[in-house]
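The structure appears below as structure tokens.
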Amino acid sequence: MQKPDTEQVYRGNLQKLVLKVAEERGLDLGQYRPTYVERRLAARLRTLGLHSYRQYAAYIDEHPEEYDQLLDTLTINVTDWYRDKPVYDLFASKIVPDLLVDKLRARQRMIRVWCAGCATGEEPYSVAMTILDAMSRTNESFMLALTGTDIDPAALVVAAKAEYDVARIGHIPHAHRLRYVEVRGDKFVIKPEVAACVRFRQMNLFEDRPPGVVDVIFCRNVFIYFNRDQQERVLEAFWSTLHKGGYLVLGRSEKMSTAFTQRFQLVSGRDRIYRKPA
């Protein structure tokens, strides 16, 4: 007979801890899959030398600053510049040019983008540089407004600073490095031309109002934290927020439910890019 996981047996009632966190700090742990919360909390309990959720609840009472650590534990800000190069290649070569043509036909000049789950800002700046580069190749004048949202305020502080370790600059295409990035010692900064187009705000995808009608939504590697019902709630919000003809870019390992694949047009199955019918 398989021996039970003793940690799991004695950890206690997760729901009581979830309710406590929601009541005291308004942080809805229910937005994450229970198994994911259990795994992340288990790691935190081991770090603190605790063995149960009750002990952890008492620890939080004595150390309120632990709420910040809890949020940091749950939000794994794994991100990178131009993550998944084929996605950005298709976005630059096909999606953005088609979007600009559509805007010209509609006599519109503003491109609005939402990066949901933007972490420390690498994705929004990557998207902004890609779009600005495409705009520069036309003889027309466009404007870009990009909003990056995340639930983690600490990550957003890093994003807004627009300053990163120079060791990671190699992930940025050479042409974009020359035009949009400035190296300062062991750091590099995003130039004002790009930074001025991007703003950040804290947002809970289940509770807060979306940033308004947009032409493109990037929400990559975020759905892995949500169950199917939660994913569909977010997709419904995305559908309502997207302009007709707008694009949705998901993570390459994330699949859209059948109900929504029938509503969106598939642009690239491999790259998980969809379009709201125009």
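These numbers come from the heavy atoms of this one structure, side chains and all, not from hydrogens, waters or symmetry mates.
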Could you check whether [X] pairs with [Y] (Lys NZ or Arg NE/NH1/NH2 to Asp/Glu carboxylate O, under 4.0 Å)?
| X | Y | answer |
| --- | --- | --- |
| Asp84 | Arg270 | no |
| Glu140 | Arg109 | yes |
| Glu66 | Arg44 | yes |
| Asp165 | Lys187 | no |

- Task: Give a yes or no on whether the ring-centroid distance for Phe200 and Tyr125 is below 6.0 angstrom.
- Result: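 Judged by ring-centre distance (under 6.0 Å), Phe200 and Tyr125 do meet the cut-off.
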- Message: Just checking Phe264 against Phe238, ring centres under 6.0 Å apart?
- Response: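 Aromatic pair excluded; centres sit 6.0 Å or further apart.
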Nearest atoms (heavy-atom pairs only) where [X] meets [Y]:
| X | Y | value |
| --- | --- | --- |
| His51 | Gly49 | NE2-O, 3.9 Å |
| Gly245 | Arg275 | O-NE, 2.8 Å |
| Glu123 | Cys115 | OE1-CB, 3.6 Å |
| Thr130 | Ala92 | CG2-CB, 3.7 Å |
| Asp150 | Ala119 | OD2-N, 2.8 Å |
| Ala116 | Thr149 | CA-OG1, 3.6 Å |

- Task: Check the angle between the aromatic planes of Tyr180 and His176 and answer parallel, tilted or perpendicular using the 30° and 60° thresholds.
- Result: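 The rings of Tyr180 and His176 stand perpendicular, inter-plane angle above 60°.
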- Message: In the structure I gave you, are the side-chain heavy atoms of Glu122 and Asp80 within less than 4.5 Å of one another anywhere?
- Response: no
- Query: Is there side-chain contact between Glu236 and Phe260, with at least one heavy-atom pair below 4.5 Å?
  - Reply: yes
- Query: Do we see a donor-acceptor contact under 3.5 Å between the side chains of Arg233 and Gln230?
  - Reply: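 Side chains of Arg233 and Gln230: no pair found under 3.5 Å.
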- Members sharing Val157's hydrophobic cluster (side chains within less than 4.5 Å): none
- Sequence neighbours excluded, which residues qualify as ring pair (Phe, Tyr, Trp, His ring centres under 6.0 Å) partners of Phe188? Trp81, Tyr164
- Asp215 and side chain to side chain donor-acceptor pair (under 3.5 Å): which partner among Lys103, His243, Arg112? Lys103
